Structures are given as structure tokens and as C-alpha cells.
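So the structure is just underneath, and the comments pick up after that.
What you see is a predicted model; the values in this text were computed from it and never measured. The figures that follow rest on heavy atoms only: side chains count, while hydrogens, waters and symmetry mates do not.
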Amino acid sequence: MANSMIGATPWMRVRVIPQFSSPILPSSSSLYNHRVSFFYPARRLFSVSATAATDKQQVRVRFAPSPTGNLHVGGARTALFNYLFARSTGGKFVLRIEDTDLERSTKESEEAVLRDLSWLGLDWDEGPGVGGDHGPYRQSERNSLYKQHAEKLIESGHVYRCFCSNEELEQMKEIAKLKQLPPVYTGKWANATDEEVQEELAKGTPYTYRFRVPKEGRLTINDLIRGEVSWNHNTLGDFVIMRSNGQPVYNFCVTVDDATMAISHVIRAEEHLPNTLRQALIYKALGFPMPHFAHVSLILAPDRSKLSKRHGATSVGQYREMGYLPQAMVNYLALLGWGDGTENEFFTLEQLVEKFSIGRVNKSGAVFDSTKLRWMNGQHLRALPSEQLNKLVGERWKSTGILIQSEGPFIEEAVQLLKDGIEVVTDSEKVISNLLSYPLHATLSSPEGKAMVENKLSELSSALLAAYDNGELSNALEEGHSGWQKWVKSFGKSLKLKGKSLFMPLRVLLTGKLHGPDMGSSIILLHQAGTRDIVSSQAAFVTLDERFAVLREIDWEALSKDQPPLEPAAIAAN
């Protein structure tokens with residue numbers, strides 16, 4: 001191989017030609033110009049340059065989760081950026097399962113990750129359940145490929161067998177620590193003779209495959225988000241690519257997978273940035289063209305620490321179960337480190353594809369604000385078509401045992417009335433329960449309620465009871481909104497009250513609350529709920545009949561003397 005010996009031609013610049021049947025590099029715009037350079041002392045340059053690309057060459061990106069737990073919001077954002085980049089460039093989005101951690105990887109976790117990605121709308125072009133020309137798409141099914149490439153590296157001299165025991169390796173670390181040196185492998189077996197190696201093999205001594213790292217020079221890449229990033233080779237030391245049990249190491253798997261899957265751009269979290277040096281050396285040793293790298297910043301908690309479980313929900317599945325919409329999650333995750341340069345904050349997935357540019361991804365950490373996510377979800381929820389919103393909320397009301405039906409005029413009117421109080425679909429339980437409740441005793445005991453009591457609330461209550469007893473109110477409510485408006489206007493005129501002086505005390509007496517949604521719509525819904533088979537017996541619903549029974553038993557004189565009014569339960573007992 002032309003690049004097998006680092007020191008053979010120190011002034012040579014080697015161009016590595018892709019060994020794939022189809023090109024893997026993107027168009028040659030300035031955004032994607034890419035060269036990985038290995039620098040050596042005395043201004044000697046050894047570089048690996050990507051061949052010039054044409055407009056026909058396809059972008060291929062991948063998301064490669066480990067199925068050892070739920071899909072973290074940080075992983076979901078990485079998947080989203082890969083998806084948007086692929087779709088915006090007409091490329092391919094590949095899903096690969098990195099399940100080489102056999103002890104922690106589970107089928108359940110893999111299924112959960114696939115389910116969450118599908119829920120977000122991030123469909124993959126190649127991967128589990130879809131197939132493709134570059135499979136298998138699970139690392140556990142690609143072991144023969146890793147062994148094949150490991151043997152190539154042994155043959156080329158880039159890798160050697162290391163027979164060091166764990167005790168010897170620990171001793172090396174201790175010595176390095178005492179000398180205040182990086183804890184790197186000292187290279188004991190790097191220059192062993194064939195005889196020494198054969199002797200250990202004959203004994204059956206376990207061994208690992210170690211990559212031979214150049215002792216001098218540095219690696220520099222042009223990260224599409226972070227710009228130029230460099231590492232000195234001497235910070236690394238010869239590293240293991242295959243364990244003694246024959247299992248490949250993460251950095252080796254990833255490199256072989258990305259290369260053989262023709263990945264053109266590796267967009268991943270910044271915590272993988274240190275892995276780039278190892279992977280670049282493996283790419284070069286195997287003669288594979290380098291992909292373009294883009295390392296996305298971490299998602300931070302409000303205290304600027306790394307977002308973790310101690311900060312609350314962190315997985316996509318948790319937010320799904322909490323009633324969040326996938327379109328709101330996608331919208332919010334996209335804004336964590338990206339923007340289109342305008343003040344606009346609301347995007348559909350299709351709009352994100354149209355607007356997305358990797359050049360607008362910010363390299364600084366983005367703070368995850370659950371309050372902002374909740375607010376954004378409310379905006380998306382209320383933007384849903386009426387039929388979809390009614391179905392979503394109606395099914396929630398029925399499934400939680402509050403209503404016995406999930407569709408119909410009552411559902412439609414209730415959703416229209418209460419939707420401004422719903423940011424997450426689970427909020428719908430609270431708003432409907434609030435509508436059905438009648439906390440009159442607590443309201444009248446409050447400072448604002450006491451002020452109403454002292455302002456002749458009992459007189460309005462007597463007039464309201466009379467209107468109820470003679471059927472005026474019930475007849476008006478049967479007519480709907482026009483009937484209510486006619487009645488309330490007439491009722492106010494008879495008492496010589498209007499505006500706030502009429503509606504505030506009337507709201508308290510009929511709903512038991514000082515504030516709430518439109519009172520007329522609320523009372524009409526309460527009338528319907530009490531006269532039709534709508535509300536479940538399990539719900540804490542106080543009908544209009546029961547509310548008037550409460551009003552009838554209130555001792556206004558005692559109440560004005562700071563004695564608590566009778567509660568509904570006490571009235572029922574009497």
C-alpha cells in the first residue's frame with residue numbers, strides 16, 4: 001500500500017483513491033472541501049486528501065445508536081440533524097445499530113429506539129426493517145467483516161499482536177502516572193520478532209490487536225461545525241482494535257462500518273470528537289477515503305451541566321408518554337443549536353428540511369428548557385386541524401375515565417372552549433375536571449370571595465335560584481348560546497346590574513370559581529353534561545341541580561361572620 005510506511009517518503013503527498021464502486025463524497029462546494037493532514041517535524045507534510053467530487057455524488061449519513069437504553073433527547077437531535085442534512089441534499093439516511101456491547105444491549109432497547117425514531121417521523125432509507133445494499137445493519141452481525149480488515153492491518157504492519165497481561169498494562173499506567181506522562185501503551189510488543197510472537201502463539205497466550213500509532217506529528221481535520229481541530233499523536237499511544245476474546249473495539253467497528261457503508265458525512269455528538277484521531281489513523285491505514293466530520297455540541301441542563309436524568313425527563317419515550325406531540329419535539333430539538341437566521345421559531349419537518357444547513361449549526365452548548373418545550377407543544381397542539389385535536393383530546397378524556405364518549409358535539413364544544421389551557425394533551429384532564437368541579441366553599445372563603453359576599457352576593461343568589469326554580473334558566477340553556485345571552489341580559493336588567501358587577505358574582509355562583517373560560521359556554525356545557533349521558537360516574541362532577549342545592553343551603557349570615565359555608569358533602573349528609 002502506498003501509505004503503509006509513514007517515514008518512507010516524508011515529503012510525499014499521497015492521494016487515496018476510493019475503493020468503492022460508487023463514489024461517497026459530496027459536491028465540491030467550499031463547505032465540503034476536506035483534507036486530513038498528518039504533520040511531522042521539520043515542516044514535513046504527509047496528507048490524505050479527498051478526491052474532487054462531482055454534483056452527482058451522493059451524501060450518505062448515518063445515525064448509529066447503541067441499544068443499551070432509551071433514546072436520549074441528545075441522540076434524537078443528532079438523528080434529526082443527520083436526517084435533515086440527508087433530506088436537504090437529496091442524500092441517504094442510514095440507521096445502524098451498534099450492539100457490540102453484548103452485556104448491555106437488548107432487543108427491547110433496540111425496538112424502543114426504532115419506535116421513537118418512527119414516532120418523530122425520521123424514516124431511514126437503509127437499516128433494520130428496511131434493508132439496503134450495505135448491510136447487515138447491526139454490528140453484531142458484521143464480525144466477519146471486522147476480522148477481515150483486522151487481518152489486512154496485520155499483514156500491512158499497521159497492527160501487531162500484543163501479549164501483555166492486565167497486570168503488565170496496569171503497571172505501565174502506574175509508571176506513566178509517576179512520571180506525569182499520559183497513560184499510553186509503551187509499545188512492548190510493537191517491535192517483537194516473528195520468533196517471539198510465534199513462541200507466545202504456541203503457548204496459547206491471549207493477545208489483542210494493537211494499532212501502531214506514529215510517535216510524532218499531529219492530525220488536523222476541518223470540522224464542518226468547529227472548524228480546524230488538531231491532536232498530537234503522542235497523546236494516544238498504540239491502541240487496541242480487537243480484544244483478546246476476538247471482539248472488535250468501538251473505534252475499529254465504527255471506522256470499518258462507515259467506510260464500507262460509504263458514509264460521506266459523520267454528524268455526531270462532540271463527545272465523540274476525541275475518537276476522531278483513532279478513526280482517522282484506521283481510515284488511512286486501510287486506504288479508505290475520509291468522511292467529512294461535524295461534531296454537534298452537547299445539550300445542557302439549565303445549570304449548564306450535561307443534561308441527565310437528575311434534571312427530569314431526558315428520553316424521547318418519556319415525552320411521548322407525557323403527551324407531547326412528535327412535531328413539537330422535532331421543532332424544539334432542531335432549535336437546540338440551529339436556526340434559519342430569522343426570528344421564526346415554528347417549523348414543520350418539511351420546512352426544516354427546506355431550511356436546514358449544517359453551516360448554521362452552533363458549536364456552543366444548547367440549554368434544554370422544558371418550559372419552552374411545553375409552550376411550543378401547546379402552539380403545535382392548537383395548530384392541529386379541529387378534527388385531529390378533537391380526536392386526540394376526546395380519546396384522552398374517555399381513556400382516563402372522565403367521559404364515557406370520545407366524540408360528538410359536547411367533545412367538540414368542550415375542546416374549543418378549553419384548548420387554550422392545554423399545552424400537553426395530559427393537561428386536558430385537568431381542564432375538563434376543573435370545568436366539572438364546583439369549589440364554591442373554597443372560593444367564598446378567599447379574600448376576593450369574601451368581598452363579593454359583603455357586596456350583597458346573597459341577593460343575586462336568591463334571584464338566581466328563583467330563575468332556576470321557575471324554569472327560565474333551564475329553558476334558556478336548552479336553546480344554547482342565543483338562549484343564554486337573552487336570559488342573562490334580562491336577568492341583569494331585572495337586578496339593574498351589568499358588566500363585571502353582574503358577570504363576576506354570576507360566575508362564582510354557577511361555576512364556583514372566580515376565573516375561567518367563557519362563562520356562557522361553560523354553563524351550557526355543564527347543562528349538557530348533566531342532562532345527557534356524557535360524564536362518567538367516576539368523575540367528580542357536580543351537576544347544575546347539585547349546585548343549586550348547595551346555593552339553597554348556604555347560610556349567608558353565618559358566612560358574612562367568617563363561618564365556612566356548607567360543603568356539598570355536608571349538604572348531602574343532611
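Ile241 places none of its side-chain heavy atoms less than 4.5 Å from the side chain of Arg278. Residues Gln318 and Val73 form no side-chain contact, since every pair of their non-hydrogen atoms from C-beta on lies 4.5 Å or further apart. Counting heavy atoms from C-beta on, the side chains of Val296 and Trp338 never come closer than 4.5 Å. Counting only heavy atoms from C-beta outward, the side chains of Gln148 and Leu145 approach each other to under 4.5 Å. Considering only heavy atoms from C-beta on, Glu126 comes within 4.5 Å of His134 through its side chain. Annotation: side chain of Leu273 is not in contact with side chain of Arg268 (no heavy-atom distance under 4.5 Å). In this structure, Thr89 and Val61 have side chains that are not in contact, with every pair of non-hydrogen atoms separated by 4.5 Å or more. Taking 4.5 Å as the limit, every side-chain heavy atom of Val249 sits out of range of all side-chain heavy atoms of Tyr209.
The shortest non-hydrogen separation linking Thr235 to Asn232 is OG1-O, 2.7 Å. Minimum interatomic distance between Met329 and Leu373 (heavy atoms only, all atoms of both residues): SD-CD2, 3.7 Å. Taking both residues in full, the closest heavy atoms of Gln58 and Gly90 are given as NE2-O, 3.9 Å, listed atom of the first, atom of the second, then distance. Nearest heavy atom pair, residue Pro136 against residue Arg142, reads O-NH1, 2.8 Å. Taking both residues in full, the closest heavy atoms of Leu392 and Leu381 are given as CD2-CD1, 3.7 Å, listed atom of the first, atom of the second, then distance. Across all non-hydrogen atoms, the minimal contact from Gly75 to Leu71 is C-CD1, 4.1 Å.
The CG atom of Asn331 sits 4.5 Å away from the CE atom of Met376 when rounded to the nearest 0.5 Å. A distance of 13.5 Å separates NZ of Lys355 from CG of Leu84, quoted to the nearest 0.5 Å. Rounding to the nearest 0.5 Å places CD of Gln351 at 9.5 Å from CG of Asp340. Rounding to the nearest 0.5 Å places OH of Tyr319 at 11.0 Å from CH2 of Trp119. Taking CD of Gln379 as the reference point, atom CZ of Arg374 lies at 12.5 Å (rounded to 0.5 Å). Rounded to the nearest 0.5 angstrom, Glu168 CD and Cys162 SG are separated by 8.0 Å.
For Glu354, the salt bridge (charged side-chain N to carboxylate O under 4.0 Å, His left out) test picks out no residue, with sequence neighbours left out.
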Audit row: Arg115, Glu111, salt bridge (charged side-chain N to carboxylate O under 4.0 Å, His left out) steps and yes/no: CA-CA 6 Å; Arg115 182 172 61 248; Glu111 289 171 355; 5.7 Å; no

Derivation and outcome, salt bridge (charged side-chain N to carboxylate O under 4.0 Å, His left out), residues Lys419 and Asp427: CA-CA 9 Å; Lys419 65 181 182 180; Asp427 291 346; over 6 Å; no

Check against salt bridge (charged side-chain N to carboxylate O under 4.0 Å, His left out), Glu200 and Arg161: CA-CA 10 Å; Glu200 295 300 322; Arg161 293 178 178 85; over 6 Å; no

Ser297 vs Glu270, side chain to side chain contact (heavy atoms under 4.5 Å, CB included): CA-CA, chis, key distance, verdict: CA-CA 5 Å; Ser297 63; Glu270 68 173 328; 4.3 Å; yes

CA sep, side-chain torsions, deciding dist, call: Asn251, Gln279, side-chain hydrogen bond (donor to acceptor under 3.5 Å, both in side chains): CA-CA 6 Å; Asn251 281 297; Gln279 292 168 17; 2.8 Å; yes

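Asp123 has a carboxylate O that lies under 4.0 Å from a charged side-chain N of Arg87, or vice versa, which qualifies the two as a salt bridge. Classification of Asp133 and Lys92 as a salt-bridged pair fails, no side-chain N sitting under 4.0 Å from a carboxylate O. Using a 4.0 Å cut-off between charged side-chain N and carboxylate O, Asp258 and Arg60 make no salt bridge. The residues Glu110 and Arg138 are annotated as salt-bridged, a charged nitrogen and a carboxylate oxygen being separated by less than 4.0 angstrom.
Ring centroid separation for the pair His292 and Phe85 does not come in under the 6.0 Å cut-off. A distance below 6.0 Å separates the ring centres of Trp189 and Phe163. Taking the six-membered ring wherever Trp is involved, the centroid distance between the rings of Trp124 and Tyr137 does not fall below 6.0 Å.
The closest side-chain donor-acceptor pair between Asp257 and Tyr146 falls under 3.5 angstrom. A donor atom on one side chain and an acceptor atom on the other are not found under 3.5 Å apart for Asn377 and Glu423.
The aromatic rings of Phe288 and His149 lie tilted to each other, with the angle between the two planes from 30° to 60°.
More than 12 heavy atoms of other residues, nucleotides or ligands shown are found within 6.0 angstrom of CD on Glu151. Within a 6.0 Å radius of CG in Asn245, more than 12 heavy atoms belonging to other residues, nucleotides or ligands are found.
Across Tyr332, Tyr324, Phe346, a single residue satisfies ring pair (Phe, Tyr, Trp, His ring centres under 6.0 Å) together with Trp375, and that is Phe346.
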